[in-house]
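Structure first, commentary second.
Small disclaimer: the values here were computed from a predicted structure and weren't measured.
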Amino acid sequence: MQKYTSVILLIILTACDFHKETDVTVFNSHQTHFPTLHKTTTIDSKLSERAPQFPGGEEGLKQFITDNLQSPPEALKAEVTGKVYVSFTVGDKGLLQDIKVIKGLGYRCDEEVVRLVRHMPVWEPALQGGHPIDVNYILPIEFKSTRIARK
């Protein structure tokens with residue numbers, strides 16, 4: 001019995017240590033190609049006591065993406081579905097650096113996600129010991145092809 005309790009406890013502790021991922025659908029009324037935001041906590045989350053945050057938190061990030069992401073015509077035409085994973089560093093002053101696609105889709109979706117991140121406002125930096133620190137961050141954005149029936 002003690003052996004099983006230890007295994008269960010280890011599984012629970014390990015699960016708590018993994019990244020949280022929240023799916024939030026982002027809709028833009030003039031698009032037929034709906035991107036979805038998948039927020040992933042920082043890669044270095046074990047090193048910070050407070051993760052970096054977009055101004056306005058998750059809702060602010062969702063709104064920024066809704067207002068600014070433009071679906072590339074190539075992706076619309078090809079009905080592309082999938083995720084673009086973009087990596088960047090949130091610096092100790094909240095500036096975004098080292099922006100790069102770590103897994104892309106093509107059809108100009110990768111370039112659009114990089115453009116979007118480059119235009120983001122300054123974030124609240126991560127804190128460790130009460131001091132701001134640089135932290136790596138991965139932001140997956142999913143593109144879903146949706147056909148809208150016209151009446």
Side-chain angles (χ1 to χ4, degrees), residues 8-146 148:
I8 292 172
L9 183 58
L10 179 63
I11 291 171
I12 291 171
L13 291 175
T14 304
C16 291
D17 196 35
F18 280 110
H19 303 303
K20 283 192 226 173
E21 189 170 299
T22 306
D23 294 346
V24 181
T25 303
V26 179
F27 292 102
N28 193 335
S29 60
H30 65 277
Q31 293 178 321
T32 57
H33 186 79
F34 298 109
T36 302
L37 166 69
H38 291 271
K39 181 186 176 287
T40 303
T41 57
T42 60
I43 298 170
D44 297 341
S45 59
K46 294 177 195 164
L47 302 176
S48 65
E49 57 195 40
R50 187 190 82 192
Q53 287 192 355
F54 185 87
E58 191 172 321
E59 285 300 313
L61 181 58
K62 178 178 130 178
Q63 189 62 50
F64 178 84
I65 291 174
T66 299
D67 293 345
N68 295 287
L69 186 68
Q70 300 168 5
S71 295
E74 296 88 341
L76 291 171
K77 185 177 178 182
E79 298 182 18
V80 172
T81 299
K83 295 178 187 177
V84 174
Y85 290 83
V86 64
S87 169
F88 51 91
T89 300
V90 180
D92 62 353
K93 299 206 183 331
L95 299 174
L96 305 185
Q97 312 159 32
D98 304 321
I99 302 165
K100 56 189 154 210
V101 172
I102 55 175
K103 183 180 177 199
L105 282 176
Y107 298 93
R108 307 212 42 91
C109 293
D110 308 349
E111 292 85 353
E112 175 56 20
V113 170
V114 170
R115 183 200 66 80
L116 182 75
V117 172
R118 281 191 181 136
H119 287 92
M120 285 184 175
V122 175
W123 287 43
E124 295 175 30
L127 294 179
Q128 179 62 44
H131 301 288
I133 60 169
D134 293 354
V135 176
N136 293 326
Y137 200 92
I138 295 177
L139 183 66
I141 297 180
E142 183 174 359
F143 288 86
K144 291 183 179 179
S145 178
T146 306
I148 297 176

Open item on the list: Between Pro55 and Phe64, is there a side-chain heavy-atom distance shorter than 4.5 Å?
Closed with: no
TODO: Kindly give the heavy-atom pair with the smallest separation between Ile102 and Ser87, and that separation in Å.
DONE: CG2-CB, 3.8 Å
Open item on the list: Checking the side chain of Glu142 only, and the main-chain atoms of Thr81 only, is there a donor and an acceptor separated by less than 3.5 Å?
Closed with: no
Task: Closest heavy-atom pair and its distance - Gly94, Pro125 - done: N-CB, 4.1 Å
- [ ] Starting at CZ of Arg50, measure out to CD1 of Ile133 and round the result to the nearest 0.5 Å.
- [x] 10.0 Å
Open item on the list: Quick check: do Val113 and Tyr85 have side-chain heavy atoms less than 4.5 Å from each other?
Closed with: no
- [ ] Evaluate the ring planes of Trp123 and Phe54, with Trp represented by its six-membered ring, and classify them as parallel (under 30°), tilted (30 to 60°) or perpendicular (over 60°).
- [x] perpendicular
Task: Min side-chain heavy-atom separation Val84-Val101 under 4.5 Å - done: yes
Open item on the list: Is any side-chain heavy atom of Val90 closer than 4.5 Å to one of Leu96?
Closed with: yes
TODO: Answer yes or no: is there a side-chain heavy-atom contact under 4.5 Å between Ile141 and Leu116?
DONE: yes
- [ ] Kindly write out the residues that satisfy ring-ring contact (aromatic ring centres under 6.0 Å, His included) with Tyr107, not counting sequence neighbours, or none if the list is empty.
- [x] none
TODO: Tell me, please, which residues at least two apart from Arg115 pass salt bridge (Lys or Arg N to Asp or Glu O under 4.0 Å).
DONE: Glu112
Task: Closest heavy-atom pair and its distance - Val122, Lys93 - done: CG1-O, 3.4 Å
Open item on the list: Enumerate the salt bridge (Lys or Arg N to Asp or Glu O under 4.0 Å) contacts for residues 97-110, please, sequence neighbours excluded, ordered by first and then second residue.
Closed with: none
Open item on the list: When you measure from the side chain of Asp134 to the backbone of Asp92, do you find a donor-acceptor pair of N or O atoms at a distance under 3.5 Å?
Closed with: yes
TODO: Taking the side chain as every heavy atom from C-beta outward, state whether Leu61 and Met120 have any atom pair closer than 4.5 Å.
DONE: yes
